[in-house]
Amino acid sequence: MWRYIIRRIFLQGIPVLLGFTFLLYLLLTIAPGSPVSHLRGVPNVDPSVIAQREAQLGINESFPVQYGKWLIRTLKGDLGLSFDSARRPVSELIMERMPATILLSVCSIIVGWGIGIPVGILSARYQYSIFDYIITFLAFVGISVPSFFFGLVLLYVFALRLNVLPAGGFFLAGEVRTFVGYFQYLILPTLTLGLSSIASVARYMRSSLLEVIGQDFLRTARAKGLSENVVVYKHALRNALLPILTLMGFMIPSIFSGAVIVENIFAWPGLGSLAIQAVNERNYPVIMGINLMFAVLIFIGSLIADISYAVVDPRIRYE
Amino acid sequence: MKKSMLAALILCLVFGAVAAAQEPVKGGTFRYALTTNPRGMFNPVLYTEAYDSYIINVVYDGLIDIDENLQPQPKVAKSWELSEDGTSITFYLHEGIKFHDGVELTAHDVAYTYMVMLHPEYTGVRYGNFKVLSGAEDYKAGLTDTVPGIEVIDDYTIKFSTDEPYAPLLVQFGYGILPSHLLAHIPVGELETADFNRNPIGSGPFKFVEFLTDQHVLLEANQDYFFGAPNIDTLVFQRVALDALPIYIRQGRVDYAEISPENYAEVSRINGIDTYIYEALNYSYIAFNLRQERFNDPIVRQAITYGFDRETYVEILREGFGIVANAPMPPSSWAYTNEGINEYPYNPELAAQMLADAGWKPGAGGVLEKDGMRLEFDLLVPEGSRTTEQMVLLFQQNMEDIGIKVNLVFMEFSAAVDRVDAREFDTFTMSWSLTVDPDPYGIWHSSVPWNDPGFYNDRSDELIEMGRTETDPEKRKEIYAEWQRLINYELPTMFLNYGVTIAAISDRVKGIETNPGPTGPLVDLNKLSTIWIED
């Protein structure tokens, strides 16, 4: 097992990450637009200043040189300085926003899985009932509705019309940070971000459970005279949950990237607005830093998923 | 009888309330909505984003302030003196102004602030504003260690001089003065990463308290402020999501916000919120690439302008939020003139006639042609503004009516800038924000790179140069009036509209400028030190 993990990291993970950063940096440099485009809007800016700025940022050099420098710095653990006027370290920009993004993501995972799993189970238990149809319909709606739209609807209803919740944002300056306060600020973005995972977890749970229910060993259990509830909740559920648990590993990265959009709608003080601003401004080091972090997360997520397969299913062994 | 008595009573009450309202009240928090997070570069010589400038404006004071009429007013400098020949300005500073750490502000701090912007290793973008100072270019190039154009006479007197008279200089002395005792030991090249920029210390009406990324910037009143402690205790710049801004205003979570025209109807209906619409110092335009022969004849540019229904664009598409523009100086500028300015009212028949008279004849597909040139061209449109996207559709349709084919090319903003910089465009639409001083050199002189249309006109250059060296405001105004008439005839770009800004402000806030000029009801935040909040 350990040999497998080490092989995955060194033979697969590192080459993939290298290739990914190489391609991303290449795309950034060949895409139209430049990190100094916005300086054009500064009144009276001297053309020599823009050339000087390009030299300071190192973007006047060729792609291999730029990428090489970035890579060497990154391998030393330094993600560089942001290209914007404040020139703050990228790692600092990311770290100060991480807690908010993690808080939002964890909450929406809890909501997504906490609601999605029971709903999926009931849906399978009462397959083809009215309840099942309603859930199936709602799940499709949940998967199809874009999160930004759902977010705006929630804002409209709860903040504007009913006026019971703040319209996004975070604590005002001087506001006491109570538990209820956190709840108020968190609930709308959490629901928005959690909606699509509720829907897809419920669908996965339903089909996974139905698959197990149709298997022979359950027919045996029923033949022994066990009640249907015991058959489903005790014997079938355990087996059906295995694939769902591994699904979590794959869904974590998508939760984080979904957070980028949702955070922008709700002015949530996480990575979202940093990421979007960086893309608009061609802020290479920040784009690289955030994407590298997401890439590592995705890699870890899929590694955990693979390992958990082996842990929960004794038939799977990695050599 | 009864009714009139009641009316009189009500009048008394109202006047009583008004009279009471004139007394400033101490205390309270003022919340200013920001829809974009500041960067945390709270340094007046290094910032580039408007959102950082808000904080800088209240933490630091400059030598001068700009008032609602865009005229310089004394601040740290209690007075100034222009030399006879117009080549130097001497500022006389107030004595006893203190930085927030208690150290006195002197002419040495002023000299430090302006020397930094000229330093060879300076990383900011303001060198262009002060390179006219005597010896600045040599200093920037590293040839000398001093700038003869910046001279500290004594602790409270400083003199700036130029080789030639340079009229736009004075109004540029508003930059916040840095405390040299805290910064002089840091190499100028490393200033941009100094911790100071995130914990600024100035001499302004508010002291910096905290900056929480993507949340807020918190400031407290400077009780020892030289020009009188502010009435409000706390000032907050609150980050708000753009979509949620009207809700924030309605919920009373912010006291002041700039809003977009789309939100105007909704916000202006909210009880307890006053809205102010005022002219902004900017204009938008469609530029022609004059390097192409087909755009060379001013008749073509004029015909296109006559042929575009700009009145409908401003009145309908912009819902009246804007003023049709015919020259590059907005009405809010003291240099603006409408004398002898052709307004090019929408007149497609005249446009078609002008083109026909100039020898353009319908060719393939009904598109006008002449000597192998064809009036079919691309219009580069930066994405992101719905109004602009509607405007170009109207333009395309109007042009089709007079035999001109416009192909719209939508592009992300910085990609469009790339194309413009490479001069790879037929026409494009963008807008310019202008400086307080009307000097058009930086955009329109034939020697500058921002002259995107490629407008090279000897008389224009001559007038622009005269305008810079003329120190008599009346004569300067005449020079710019003539220049505007020239541009209005030549139309190197088609001017679309001057912009307006809309501010929404809670009626609890008193002491604002109720008839705002281009600096708005808070006069570029200068009013924050004197407003008060009534509950």
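Within every chain, numbering begins at 1; the chains are lettered A, B, ... in the order of the sequence lines, protein sequences first and strands thereafter.
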Non-hydrogen atoms of chain A under 4.5 Å away: do they reach the side chain of [X], the backbone, both or neither?
{"X": "B:Glu210", "value": "neither"}
{"X": "B:Thr36", "value": "side chain"}
{"X": "B:Leu218", "value": "side chain"}
{"X": "B:Ile443", "value": "neither"}
{"X": "B:Arg39", "value": "both"}
{"X": "B:Arg419", "value": "neither"}
{"X": "B:Tyr122", "value": "backbone"}
{"X": "B:Asn282", "value": "neither"}
{"X": "B:Asp243", "value": "side chain"}
{"X": "B:Val236", "value": "side chain"}
{"X": "B:Gln238", "value": "side chain"}
{"X": "B:Asn43", "value": "neither"}

So, [X] side chain and [Y] main chain: donor-acceptor pair closer than 3.5 Å or not?
{"X": "B:Asp418", "Y": "A:Pro32", "result": "no"}
{"X": "B:Gln251", "Y": "A:Leu165", "result": "yes"}
{"X": "B:Tyr248", "Y": "A:Gly168", "result": "yes"}

To the closest 0.5 Å, what do you measure between [atom1] ([X]) and [atom2] ([Y])?
{"X": "A:Leu172", "Y": "B:His216", "atom1": "CG", "atom2": "NE2", "value": "9.0 Å"}
{"X": "A:Tyr156", "Y": "B:Ile247", "atom1": "OH", "atom2": "CD1", "value": "9.5 Å"}
{"X": "A:Glu92", "Y": "B:Thr213", "atom1": "CD", "atom2": "OG1", "value": "9.0 Å"}
{"X": "B:Arg239", "Y": "A:Phe170", "atom1": "CZ", "atom2": "CZ", "value": "13.0 Å"}

Problem - Nearest non-hydrogen partners of B:Thr48 and A:Leu39, listed with the distance - result: CG2-CD2, 4.0 Å

Fill in the blank from the handout: For A:Asn280 and B:Ser414, the nearest pair of non-hydrogen atoms, with its separation, is O-OG, 4.1 Å

Practice task
Return the option, out of B:Val209, B:Asp452, B:Leu242, with the maximum number of heavy-atom pairs under 4.5 Å with chain A.
Solution key: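 The answer is B:Asp452.
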
Problem - Over 12 non-hydrogen atoms of neighbours within 6.0 angstrom of CZ in A:Phe149 - result: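 At most 12 heavy atoms, drawn from other residues, nucleotides or ligands, come within 6.0 Å of this atom.
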
Handout entry: Flag if over 12 foreign heavy atoms under 6.0 Å of CZ, A:Phe158
Key = no

Completion exercise
When the 4.5 angstrom heavy-atom criterion is applied to A:Pro166 and chain B, the contacting part is both

Handout entry: Part of A:Leu93 lying under 4.5 Å from any heavy atom of chain B
Key = neither

Any residue of [range] which, by heavy atoms, sits under 4.5 Å from chain B:
{"range": "residues 77-88 of chain A", "result": "A:Leu81, A:Asp84, A:Ser85, A:Ala86, A:Arg87, A:Arg88"}
{"range": "residues 260-277 of chain A", "result": "A:Asn264, A:Ile265, A:Phe266, A:Ala267, A:Pro269, A:Gly270, A:Ser273, A:Gln277"}
{"range": "residues 96-109 of chain A", "result": "A:Glu96, A:Arg97"}

Problem - ring-ring contact (aromatic ring centres under 6.0 Å, His included) partners for B:Tyr47, two or more places apart - result: none

